[in-house]
Amino acid sequence: MSGNCSAECADACPMDAISLSASGNFLIVNSDKCVGCEACEEVCPEGAILILEC
């Protein structure tokens with residue numbers, strides 16, 4: 001993630017599983033809410049998100 005991430009992934013998440021940290025420096029993914037739909041991965045302009053199937 002670059003220093004100017006605009007958090008499109010958080011906006012795209014239908015489960016509200018991605019949020020900006022309190023400091024605003026990084027994103028936090030709540031794995032309990034994430035359903036692996038890949039909406040965040042598709043919109044990330046930095047290519048910083050990769051959904052892995054376990």
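Computation of the quantities below employed the complete heavy-atom set of this structure, encompassing side-chain atoms and omitting hydrogens, waters and symmetry-equivalent molecules.
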Beyond-backbone contact of Leu27 with Leu20, side-chain heavy atoms, under 4.5 angstrom: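 Side-chain contact under 4.5 Å: yes.
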Nearest non-hydrogen partners of Cys40 and Cys9, listed with the distance: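 Closest pair (atom of Cys40, atom of Cys9, distance): CB-CB, 3.6 Å.
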Output the distance between atom CD (Glu38) and atom CD1 (Ile49), rounded to the nearest 0.5 Å.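 So the CD of Glu38 and the CD1 of Ile49 are separated by 11.0 Å.
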Least distance between heavy atoms, Ala12 atom then Ala39 atom: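 Distance-wise, the nearest heavy atoms are O-CB, 3.7 Å.
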Minimum heavy-atom separation for Cys44 and Ala48, please, with both atom names.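 Of all heavy-atom pairs spanning Cys44 and Ala48, the closest is SG-N, 3.3 Å.
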Going only through I, L, V, M, F, W and Y residues with side-chain contacts under 4.5 Å, is there a path from Ile51 to Val29?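 No, separate clusters.
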Using a 4.5 Å cut-off between side-chain heavy atoms of Ile, Leu, Val, Met, Phe, Trp and Tyr, which other residues end up in the same hydrophobic cluster as Met15?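 Its cluster mates, by chain and number, are Val35.
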Side chain to side chain donor-acceptor pair (under 3.5 Å) pairs, two or more places apart, involving residues 8-19: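 Passing the test, one end in residues 8-19: Ser6-Glu8.
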Using the test side-chain contact (heavy atoms from CB on, under 4.5 Å), find all partners of Ser31 that sit at least two apart in sequence or belong to another chain.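 For Ser31, no residue satisfies side-chain contact (heavy atoms from CB on, under 4.5 Å) once neighbours in sequence are set aside.
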